[in-house]
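Worksheet: one structure, shown below.
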Amino acid sequence: MTQRLELPKGGFNFENYQRNVALEQQGLKLPTPTKTGTTVVGIIFKDGVVLGADTRSTAGSIVQDKNCDKIRYMAPNVYCCGAGTAADTQFTNSLICSQLELHRLATGRETRVCTALTLVKQMLFKYQGHVSAALILGGYDVTGPRLLAVAPHGSTDKLPYLVMGSGSYAAIAILENRWKKDLERQEAIDLVQEAIEAGIFNDLGSGSDVNITIIEKGKVDNIKGYARPNRREPKCRSYKFARGSTATLNLSAVTVTEGDAMDTS
Amino acid sequence: MECLFGLVGKDFAITVSDATSIQSIVVMKHTEDKSRNLNKHIIMLYAGEPGDTVNFAEYIQRNVRFYEIKNGIELSPQAAAKFTRRQVAESLRSRQPYSVNLLIAGYDVKTEASQLYWIDYLGSLIEIPFAAHGYGAYYVTSVLDRYYYPQISLDEAKVLIKKCIDELKTRFFINLSNFKIKVSNKDGIQEIVL
Amino acid sequence: MSSEIDEYNGGSVLAMLGKNCVAIASDKRFGMKLMTLGTEFPKIFQATDKIYIAMAGLATDIQTLSELIRYKINMYKLREEREIEPTTLAYMVASTLYERRFSPYYVSPLIAGLDKNNKPYICNMDLIGCVTTTNDFVVGGAADDCLLGTCEALYEPDLEPEDLFETISQSLISAVDRNAASGWGAVVHVLTPERVITRTLKTRQD
């Protein structure tokens with residue numbers, strides 16, 4: 001009667017699969033995971049890489065998060081923009097991120113963007129597109145500025161400017177028109193901002209702010225809300241309820257007693 | 001098409017199960033007992049896929065008994081219900097899940113109170129004052145909701161059970177002719193006739 | 001956002017951030033499709049003195065997952081000899097969900113709590129563990145779209161515990177009254193550095 005619960009050893013667990021198939025056969029519609037919708041872009045300029053992203057995440061037509069962060073840390077000199085199923089991009093990123101950290105500790109060398117790319121593409125190819133993460137990797141390593149992209153099935157691109165997500169059509173139009181070799185830093189930032197804004201305003205899956213990350217030799221600039229074209233007007237009056245508005249049946253209060261602080265000296 | 005229901009009163013729990021055994025369109029039996037006693041005070045009613053039900057009920061019955069022999073203590077209705085829920089939930093994740101709906105009722109000798117637990121084939125567990133399974137539940141729950149009150153006495157509970165059965169006999173499209181009624185209180189489990 | 005699975009057993013959950021406090025609330029319904037069976041179904045679980053988890057979705061999964069999380073929290077406490085932090089717990093739950101990426105538990109969990117510096121924290125996640133941390137409110141369950149609407153209108157930042165209680169309660173009540181699969185009473189916990197105040201709300205019973 002006593003059962004032992006084992007902590008997971010890693011890898012995916014399929015214990016609910018049969019049950020979920022049975023539920024689906026009953027005709028129950030299953031929930032949809034959160035998607036990032038997304039416009040993400042990356043471009044190479046004269047001495048670095050600029051990554052840009054919007055900040056909306058969606059579940060169907062509902063805006064799940066109005067201000068999420070889609071440009072994530074991978075290594076001190078490598079950042080990553082994600083599009084696709086939000087959980088997949090989040091977990092793929094953190095999984096590879098920790099593998100890179102261990103790799104750096106083992107080799108004592110700075111991470112190369114192509115190392116990150118290889119790890120991601122091997123993982124995504126292994127899962128045959130079922131892990132639906134589409135990533136843009138940008139970084140500056142010994143070979144100079146690098147911009148690479150991985151699609152959910154594991155195919156990769158190496159291009160001077162890249163877009164991904166549902167807003168990619170809007171964004172690529174701007175980049176195709178305006179990108180040129182050896183852009184100045186500010187020109188590059190302006191171009192990325194415009195590309196993301198094209199996504200924000202013309203694609204329903206993308207919205208809110210423009211986040212920008214600039215990666216140069218030995219220097220990373222993370223700018224949250226570089227442009228905020230969609231600020232909500234603050235409420236002019238308060239909707240605060242008078243205390244005692246809500247009818248209650250009973251009340252109980254538990255005093256939180258703090259334990260002795262751990263001696264860490 | 002089966003119907004199980006029960007309620008808890010002041011110091012007892014009462015359960016009712018229909019005694020009809022049906023195979024496709026044939027009524028095979030009018031005296032089927034769809035319950036098992038898990039110990040001196042706990043009754044378990046079951047309905048669902050024929051074969052699964054008795055097998056599962058006896059598996060639980062024997063494991064509860066085994067636990068009691070091993071540890072020398074009687075399992076409370078809550079403990080038995082939680083154990084049963086987990087078994088359902090785990091079987092649900094196997095290739096051949098049990099399809100069983102259950103009611104577990106009993107008298108807890110330690111707290112001197114009665115409890116009733118409702119468990120469905122998905123492994124959802126709730127403790128409620130009155131509960132029902134099957135199509136009959138649609139009739140029975142509304143009758144119970146109207147007439148039930150906490151601390152109901154055994155005699156009044158019997159009257160209420162009679163009301164539920166009468167309702168099933170007049171409005172339910174299947175003729176459930178016979179019911180088995182059991183009561184669990186501090187003296188143990190008795191089968192009664194109204 | 002909410003799907004048919006959310007409506008199978010019904011129920012909704014909600015958490016809000018206040019000034020040095022957080023509130024977490026849920027309705028109390030347990031049903032099977034259109035039939036209400038229980039009106040005392042707990043959807044909020046205490047993780048530590050200062051962290052609560054709420055879950056809406058398929059009842060069997062709420063129960064199985066809450067038991068699994070309780071086990072993991074206890075193991076964490078034994079191994080680390082300290083209480084778990086809200087963010088750590090969030091990622092613990094998220095990893096548990098993402099581990100079942102291809103055979104998920106049908107739940108939408110929320111976490112509300114105060115960290116070791118008593119800084120308030122709330123987050124929610126989807127059924128496969130995509131964590132969304134916000135600085136206002138998070139919702140889940142059958143009435144989640146209604147809840148987003150009411151919260152968006154009624155929420156304002158930096159509310160004191162007493163005012164936060166009114167705002168979260170009214171947001172929840174307004175939303176569940178428009179959702180057939182939720183309601184039948186509600187519970188609200190307000191967490192402050194000093195105490196946890198639990199109130200049961202009086203609501204419609206239909």
Side-chain angles (χ1 to χ4, degrees), chain A residues 5 7-8 10-21 23 27-34 36 57 59-68 85-91 94 130-131 235 238-259 262, chain C residues 1-6 8 49-50 57 61 68 71-72 75 81-83 94-106 108 125-132 134 144-145 148 153-156 159 162-163 165-167 169-170 173 185 191-202:
Chain A
L5 272 167
L7 285 172
F12 287 113
N13 178 325
F14 288 83
E15 65 179 7
N16 297 330
Y17 182 76
Q18 298 281 342
R19 195 263 328 237
N20 292 355
V21 169
L23 283 173
L28 285 165
K29 273 235 290 295
L30 305 181
T32 47
T34 308
T36 45
S57 82
S61 63
I62 295 271
V63 177
Q64 254 285 339
D65 191 351
K66 292 193 282 186
N67 194 197
C68 68
T85 302
D88 285 331
T89 59
Q90 255 178 36
F91 280 91
S94 50
H130 294 288
V131 172
K235 290 172 191 159
S238 171
Y239 272 118
K240 216 145 123 183
F241 290 93
R243 292 183 184 181
S245 296
T246 311
T248 56
L249 288 170
N250 61 49
L251 182 152
S252 71
V254 180
T255 308
V256 177
T257 43
E258 299 272 350
M262 189 167 66
Chain C
M1 212 175 155
S2 75
S3 66
E4 279 176 37
I5 286 268
D6 284 298
Y8 189 84
D49 281 350
K50 296 193 291 184
D61 286 354
L68 183 60
Y71 162 75
K72 288 191 174 185
M75 288 305 286
E81 299 187 352
R82 64 188 165 111
E83 290 290 353
S95 309
T96 309
L97 291 174
Y98 194 71
E99 192 193 340
R100 290 161 183 80
R101 165 69 176 82
F102 298 111
S103 69
Y105 287 122
Y106 295 121
S108 14
M125 48 203 94
D126 69 354
L127 76 164
I128 52 168
C130 164
V131 180
T132 307
T134 66
D144 56 0
D145 30 13
L148 279 177
L154 300 180
Y155 180 82
E156 52 190 86
L159 289 168
E162 292 299 313
D163 300 315
F165 163 73
E166 300 294 345
T167 304
S169 303
Q170 292 298 329
I173 292 170
L191 285 67
T192 66
E194 296 80 35
R195 63 184 66 83
V196 179
I197 307 147
T198 304
R199 291 182 183 87
T200 313
L201 305 189
K202 209 169 165 179

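Residue numbers begin at 1 in each chain, while the letters A, B, ... track the order of the sequences.
Only the side chain of C:Y8 comes within less than 4.5 Å of a heavy atom of chain A; its backbone N, CA, C and O stay farther away. Of the atoms belonging to C:L127, it is side-chain heavy atoms, and not backbone ones, that fall under 4.5 Å from chain A. Residue contact with chain C, scored on non-hydrogen atoms closer than 4.5 Å, involves the side chain of A:T85 exclusively. For chain A, the nearby part of C:A153 is the backbone; its heavy atoms alone come within less than 4.5 Å. Proximity to chain A (any heavy atom under 4.5 Å) is restricted, for C:I173, to the side chain, taken from C-beta onward. Contact annotation for A:V21: neither backbone nor side-chain heavy atoms come within less than 4.5 Å of a heavy atom of chain C. For C:L97, no part lies under 4.5 angstrom from a heavy atom of chain A. Heavy atoms of C:S95 lying under 4.5 Å from chain A belong to its backbone as well as its side chain.
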Step by step, would you call C:D144 with A:Q64 a side chain to side chain contact (heavy atoms under 4.5 Å, CB included)?
CA-CA 10 Å; C:D144 56 0; A:Q64 254 285 339; 5.9 Å; no

Please determine whether side chain to side chain contact (heavy atoms under 4.5 Å, CB included) holds for the pair C:L201 and A:T246, giving the CA-CA distance in whole Å, both sets of side-chain angles, and the decisive distance to 0.1 Å.
CA-CA 7 Å; C:L201 305 189; A:T246 311; 3.8 Å; yes

Go through the steps for A:I62 and C:L148 under the test side chain to side chain contact (heavy atoms under 4.5 Å, CB included), then give the verdict.
CA-CA 9 Å; A:I62 295 271; C:L148 279 177; 3.3 Å; yes

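Looking at heavy atoms from C-beta onward, C:D61 lies in side-chain contact with A:R19 at the 4.5 angstrom threshold. In this structure, A:L251 and C:I197 have side chains that are in contact, with non-hydrogen atoms separated by less than 4.5 Å. Contact of the A:L23 side chain with the C:I5 side chain is registered, since non-hydrogen atoms from C-beta on lie closer than 4.5 Å.
In terms of heavy-atom pairs under 4.5 Å with chain A, the best-connected choice from C:V131, C:T134, C:T96 is C:V131. By number of non-hydrogen pairs under 4.5 angstrom with chain A, the leading residue of C:S108, C:P104, C:G185, C:S169 is C:P104.
Side-chain atoms of C:E99 never come within 3.5 Å of backbone atoms of A:G10 as a donor-acceptor pair (strictly under, hydrogens ignored). For the pair C:S103 (side chain) and A:N13 (backbone), a donor-acceptor distance under 3.5 Å is present. Of the possible polar contacts, one joining the C:E156 side chain to the A:Y239 backbone as a donor-acceptor pair under 3.5 Å is found. Proximity of a side-chain donor or acceptor of A:K235 to a complementary backbone N or O of C:Y155 within less than 3.5 Å is detected. Looking at C:E162, its side chain never comes within 3.5 Å of a backbone N or O of A:R243 through a donor-acceptor pair. No donor-acceptor pair under 3.5 Å is formed between the side chain of C:D163 and the backbone N or O of A:K240.
Within a 6.0 Å radius of CZ in A:F12, other residues, nucleotides and ligands contribute more than 12 heavy atoms.
Between A:H130 and C:F102, the ring planes lie perpendicular to each other; the angle is over 60°, past the 30° to 60° tilted range.
With no hydrogens or angles considered, a side-chain donor-acceptor pair links A:N250 and C:T200 at under 3.5 Å. Of the N and O atoms on the side chains of C:Y98 and A:D88, at least one donor lies less than 3.5 Å from an acceptor on the other residue. Side-chain atoms of C:Q170 and A:S245 form no donor-acceptor pair, as typed in the model, at a separation below 3.5 Å.
Atoms CG and OH, on A:N16 and C:Y105 in that order, are 5.0 Å from each other to the nearest 0.5 Å. A distance of 7.5 Å separates CG in C:L159 from OG in A:S238, rounded to the nearest 0.5 Å. Taking NZ of A:K66 as the start and OG1 of C:T132 as the end, the distance is 13.5 Å to the nearest 0.5 Å. Put simply, CD on C:E4 and CG on A:L30 are 9.0 Å apart, with the number rounded to the nearest 0.5 Å.
In this structure, A:E15 pairs ionically with C:R100, as a charged nitrogen and a carboxylate oxygen lie closer than 4.0 Å. A:K29 and C:D6 are not joined by a salt bridge, as no carboxylate oxygen comes within less than 4.0 angstrom of a charged side-chain nitrogen.
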